[in-house]
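Below is one structure; the comments refer to it alone.
Reminder, nothing fancy here: chain letters follow the sequence lines and each chain counts from 1.
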Amino acid sequence: MHGKYLTSLVSGRRSQLSTRSAVIAVIFFVVLIVSLSIGTVQIPPMIVAEIILSQIPFLGAHFASGFSQVQYEIVVLLREPQILGAVVIGASLGVGGAVIQSIFKNPITEPYVIGISSGAALGAVLAIAGSVYIFGAYTVGGMAFIFSLLVVFLVYFASIRRGKVPMVYLLLMGIAISLFVSAIVAFLLFSNIRLQGAVFFWLLGSLQEMTWPKVEIITGINILMIMVSLLYSRELDAFQMGEEYASSVGVSVERTKILLIATITLGVSSCVAVAGLIGFVGLVIPHVSRIIFGGSNRSVVPASAVLGSVFLLISEDIAHSRLFGGEVIPIGIITSLIGVPFFMFLMVRLAGGFYES
Amino acid sequence: MSLELVSVSKRRGTFRLEGISIRAEDGGILGIAGPNGAGKSTLLKVMAGILPPDSGTMTIDGRDISSMSLRERAGKISILFQETPAPFNFGVKDVIRTSGYFIGGREDNIDRVLESVGIAELGGRPFHELSGGEKRLVMLSALLYQNTKVCLFDEPFSFLDVDKEMRIARTIRKLRDEDRLVIVTMHDINGLLRLADSALLMKKGVQVAYGTVGDVITVENIYRTYGVRFAEYDSPEGRRMVPEESMAIQERVV
Amino acid sequence: MSEKLMDKKMWALVAAIIVVTSALISVGVVTQKSNSASAGKITVTDSLGRTFTFQHPVTRIVSLDPSATAILYALGSYRYLVGGNQFDCYPPHETAPNVGDSYSVNYEEILNLSPQVVLGYGTSMPTYGTYINDTLHIPFILDNPENFTQIENLTTMLGILTGTQSNATLINNWMQENLANVRNQISLQTNRGQSVFYYLSACGGIWTSGNDTFINQYFSILDLKNIANSPGYYTVSAELIASESPDIILLDQYVPYSDVTAAPFNQTSAMTSSPQKVYAIFNDSFFNEPDFRVVYAIQWLAEQVYPGIQLSISQFPISLQYPPWPSS
């Protein structure tokens, strides 16, 4: 019976899909606005609205009245960058997951498997352990970014066999080298007790320390990444049919793979650099998109961007809400806590036979 | 239009394809046969341009395919693989669409190819729900959607019910009648006799015999290829081959 | 055709999101404020050597450092504390809101409290320190006292910061006077030079404190020999315990006695002597926090290690509602 549901999904009932797109778009904007009003310090939604309107250049002065400087700073310095960070990072991880899963033809991969996460962790730990300050306030993020790129580069080049990069090789190399790098990280952590707390929180992932300059950097990089992924969504479909098939229908397989892996690595690494390791999104959001919109990447890529954003926004709201007595919970914990039950529900209720064959 | 291979060699691991030279013309079906490990699939992938040859050339109408862009090549050559793909949650039409993505496939042709293969009713189904045979037919539709002059088939009849086998054979003949160049690998000698106009026999990466079906499929060539003695007999549908050993068994039973 | 339409809608949605995001960002750029500094009357230096200047003594303080909270209380500046932390324990009954612990900090609450300064603790600049300083534009003063002199320096610095310098001097003199007294008394003892092991934590290994820590200074002032002599806080091997066989084992409040009844501890001098010389710390807050109350921790430890010693600590120079000495 679920099969029939899915059938109707991929059969020409496009109006249903349009409705779903519209619903998700509405949810996105509602969540975006609601998120601005949620925090450990209570600010009435009307005040939040006034503050946002007051930021509009030239016209803003008309609204700049009914709020305090502190309220203004909480909204502008803290909430806005965190919320935009959630939008960008959610979209980046979602799209990254959709692309990597398609290239690998493997539903249990995510962007982190090619070395992004272990490399970033190594960079961050080196920066914190060695008290390195080469990039000033951006040292930890900068080092995380650079090491993440380095490790992915290493994984990729270690996987080249006769001018090609077989995906199974890349996956195994990614896992092997990641484990190796993680061992170095563990050693560094072990040798320095004071590091453990700070790094532990970094590894959990957090949007707490998002700033406007950071948001600008990751937005720039990730708009590029999402655009490239959208442009290559047809190639991704072909990849899912097999690399030889992709080649036979006109895809330059190796070139496309290296371009997409490089783009995803840049985008996702930039997010990891500023927010740590937020798990779950890259693995599961593409599946949610496939369950709702069918498997073609022309829908999955944009849907993963939007659903990833919505999901991370909701997680951020929960992390920030007063539910935990004023304490801010690292968002990486929330994503798994609320994401896993939701995903299990989707898998059982909506996926039909897709995961059984 | 013609497709020509001149002493093509290709190494894949320990396997070697050695000095294959053939010339096929449109409006004909070339059957490639040989025992397991003869290099039929490798040769077909070289012909499809997926595997570049280590030496030798492959040309279409005198143009080397290595000089073509991938999209141009995809517009000229299509291939039906032996393996069934397993994309995540694609609909049947999503699958077919992929073969026309890069050569300007038109959406309304999808229904047309589904109809011509006789599976219009599968158009709205999720690909993963189909049976193995139905999936093969969908992949055949994808090949038709690619709409190329050269059509390659790698063991298109393996593991199929007879009705689906007939549907594929019918489609292959139709492609020939549309003056396309069809190349099919198969391990069934009688199937080849029924379907092909010319034949290539291969063994361990080298060609044993190449020419018209009548010239190539002889008791002697079959023995050189398979190491098995076949006997020939005439049936109402034409010439057929049967391994002698199985005939002996049959005689004993009788 | 409807297929194409679908695509277009998706694209339009993504485009809309990008436009909104970019718009919000450009707005954010416009509204960033700058951090202006001016010459002032009060200047303090933190453990990283950074100097901070204020026009007047500060009256709004957030403390992420329990030691700093205790010192502020002793200085008479507790009324300036607008935000405390998870680990604050002295003085008891803190009413200022908790803004976090040494790992995670609630920035909204900090901004909401509008402090003039945030006090933090650690060997190096924590990421939240950078954030508070550079993004929230609130001076973040880091401290990390690892010996008695540095504890005095922290007290002096907080005295200057809150305009209670005279009290800071009183507290520092009291510390020096009592520590000198301890040294005198110890020099009269006969069984000096016993070896000691401090079992700090059993989480993921046998954690202890070695050289260059204020805890190690307790041992040196009491003429005890710490068997862990690498710098900092780290894990030691079971073999070290077995081979060094400390005369005294000191247990952190949260390490249960049962942990030392098994190898490698059960064969050590401390366990085999009669009576056993295993002392469980009476209160971590005195022992593991680098502030003036370490004087009481030393008194307690001296009384365990040198039975019969007569150590009296002079009256604390400032009258406080909650006395700084151990209550029992």
Nearest 0.5 Å, what's the OH-CD distance between Tyr107(C) and Gln82(A)?
9.0 Å
Checking heavy atoms, do the side chain of Thr130(C), its backbone, both or neither come under 4.5 Å from chain A?
side chain
Mind checking what makes ring pair (Phe, Tyr, Trp, His ring centres under 6.0 Å) contact with His93(C), not counting sequence neighbours?
Tyr322(C)
Can you sort out the partners of Ala124(A) under side chain to side chain contact (heavy atoms under 4.5 Å, CB included), two or more places apart, ordered by chain and number?
Val140(A), Ala144(A), Trp202(A)
Please check if the number of heavy atoms outside Phe52(C) that lie under 6.0 Å from its CZ is greater than 12.
yes
Rounded to the nearest 0.5 Å, what separates atom CD in Glu73(A) from atom NE2 in His137(C)?
8.0 Å
Would you name the heavy atoms of Ile74(A) and Glu108(C) that are closest together and state the gap between them?
CD1-O, 3.6 Å
Inter-residue atom distance Leu78(A).CG - Thr135(C).OG1, 0.5 Å rounding:
9.0 Å
To check you understand the geometry: which heavy-atom pair defines the closest contact between Thr40(A) and Glu109(C), and what is its length?
OG1-N, 4.3 Å
Below 4.5 Å from any heavy atom of chain A, which atoms of Asn112(C) appear? Answer side chain, backbone, both or neither.
both
Which portion of Thr235(C) sits near chain A, non-hydrogen atoms under 4.5 angstrom:
side chain
